[in-house]
Amino acid sequence: MANISADNTSAAQRNRIYDGLRFTLAVALGGALGAVLRVLITVILAGESGSILQPTEGLSELFAPLQFPLATLLINIVGSFALGLVIANRVYTQTNTWSAHQEAWFLFITSGFWSAFTTFSAFSHDVLQLWVNGAAVFGFWWPPQAVAGMYLLASVVISLAAVMLAFALSHRRHKTKFAGHSE
Amino acid sequence: MIWLMIALGGALGAVARFWLTRAISWRFSSTVGATLLANVVGSFMLGFVLVFAVQNNVLNIPQQWRVFIEIGFLGGFTTFATFAVELRSMILSSPMKALLYGVGMVVLSVIALIVGAALSNLWLTNSFGMIPCG
């Protein structure tokens with residue numbers, strides 16, 4: 001690799017490899033920050049690192065009773081809203097040129113930060129645990145399946161609504177910013 | 001130390017998902033399958049690791065490693081936000097497909113979690129043991 005010739009093909013190839021490395025590094029940094037923030041919020045809201053690491057015996061680890069996973073619910077909703085804002089901003093901004101530098105920042109925030117901030121594995125784990133054991137919601141013990149369904153619907157529907165709200169807000173902002181601009 | 005493990009796991013998980021998405025969108029020109037695959041595989045691995053970590057008294061896996069894998073890596077590998085954004089763009093074009101995608105994602109992930117736990121249990125104890133159902 002010492003004498004890479006300066007002809008166009010190898011230069012373009014080198015550029016592609018360099019961009020790939022830069023994007024990967026951006027995603028890694030975003031992922032690290034997102035994961036740390038997720039655990040920080042879980043620790044603050046739930047008092048410990050969520051339901052996953054609670055010490056129990058044997059297989060019952062998967063089916064141990066838990067408090068309602070409010071932290072995961074909030075994290076997924078907030079993360080969905082934020083990702084919606086970032087993506088809507090890109091969709092509604094009419095740009096013809098998108099530099100590799102901008103792409104790296106975009107990937108840092110979307111694929112890295114907000115995607116690692118939200119989590120699906122803890123979500124499915126929570127659904128299963130709630131389905132088997134249930135949890136107290138609003139101070140009452142409901143049928144476990146009802147609690148699991150409530151958690152599931154709340155997560156998916158509110159996150160979806162949050163994304164739609166984010167797109168609507170971004171759309172309105174861009175319309176006022178570029179007033180008179182026809183689409 | 002714990003926070004470093006979480007950051008490292010999150011970084012690796014995010015990069016793994018990023019490359020999975022890139023590979024699938026390059027091969028099939030769609031990212032929808034990548035998110036589904038990442039979430040289902042991540043849930044499967046969580047089920048596997050959860051039972052493995054608790055059932056395996058021989059290895060006695062340290063807490064840092066469990067945090068690294070279960071919270072850092074798998075938490076960063078799976079994603080809810082991308083799922084929600086994809087669901088939104090699907091709803092606009094075909095609501096039926098969006099409904100199918102949403103239900104499929106949740107059902108497949110929970111099934112994958114159970115299968116992962118059952119396989120891990122089978123591997124360690126040579127029996128399905130007593131997995132409480134229902």
Heavy-atom pairs under 4.5 Å with chain A are the metric here; pick the option from [options] that has the most.
options                       : answer
L92(B), L87(B), L8(B)         : L87(B)
A81(B), G9(B), A14(B), G10(B) : A81(B)
G42(B), G76(B), A11(B)        : A11(B)

Is [X] close to chain B through its backbone or its side chain, or both, or neither, when contacts mean heavy atoms under 4.5 Å?
X       : result
L107(A) : side chain
L152(A) : side chain
S155(A) : both
F167(A) : side chain
V156(A) : both

Would [X] and [Y] count as having a side-chain donor-acceptor pair, cut-off 3.5 Å?
X       : Y       : value
H174(A) : T93(A)  : yes
T82(B)  : T35(B)  : no
T24(A)  : W19(B)  : yes
S43(B)  : S124(A) : yes

Heavy-atom proximity to chain A below 4.5 Å, by part of [X]:
X      : answer
M45(B) : neither
R88(B) : both
F83(B) : side chain
I91(B) : side chain

Review point. Salt bridge (Lys or Arg N to Asp or Glu O under 4.0 Å) between D19(A) and R16(A): does it pass, once the steps are laid out?
Key: CA-CA 5 Å; D19(A) 279 345; R16(A) 257 218 331 255; over 6 Å; no

Review point. So, for F68(B) and F73(B), is the gap between ring centers shorter than 6.0 Å?
Key: no

What are the two closest heavy atoms between [X] and [Y], and how far apart are they?
X       : Y       : value
R38(A)  : G75(B)  : NH2-C, 3.2 Å
R22(A)  : H101(A) : NH2-N, 3.6 Å
A148(A) : V127(A) : CB-O, 3.8 Å

Exercise for review: Count the heavy-atom pairs under 4.5 Å between each of A28(A), G79(A), G112(A) and chain B, then report the option with the highest count.
Suggested key: A28(A)

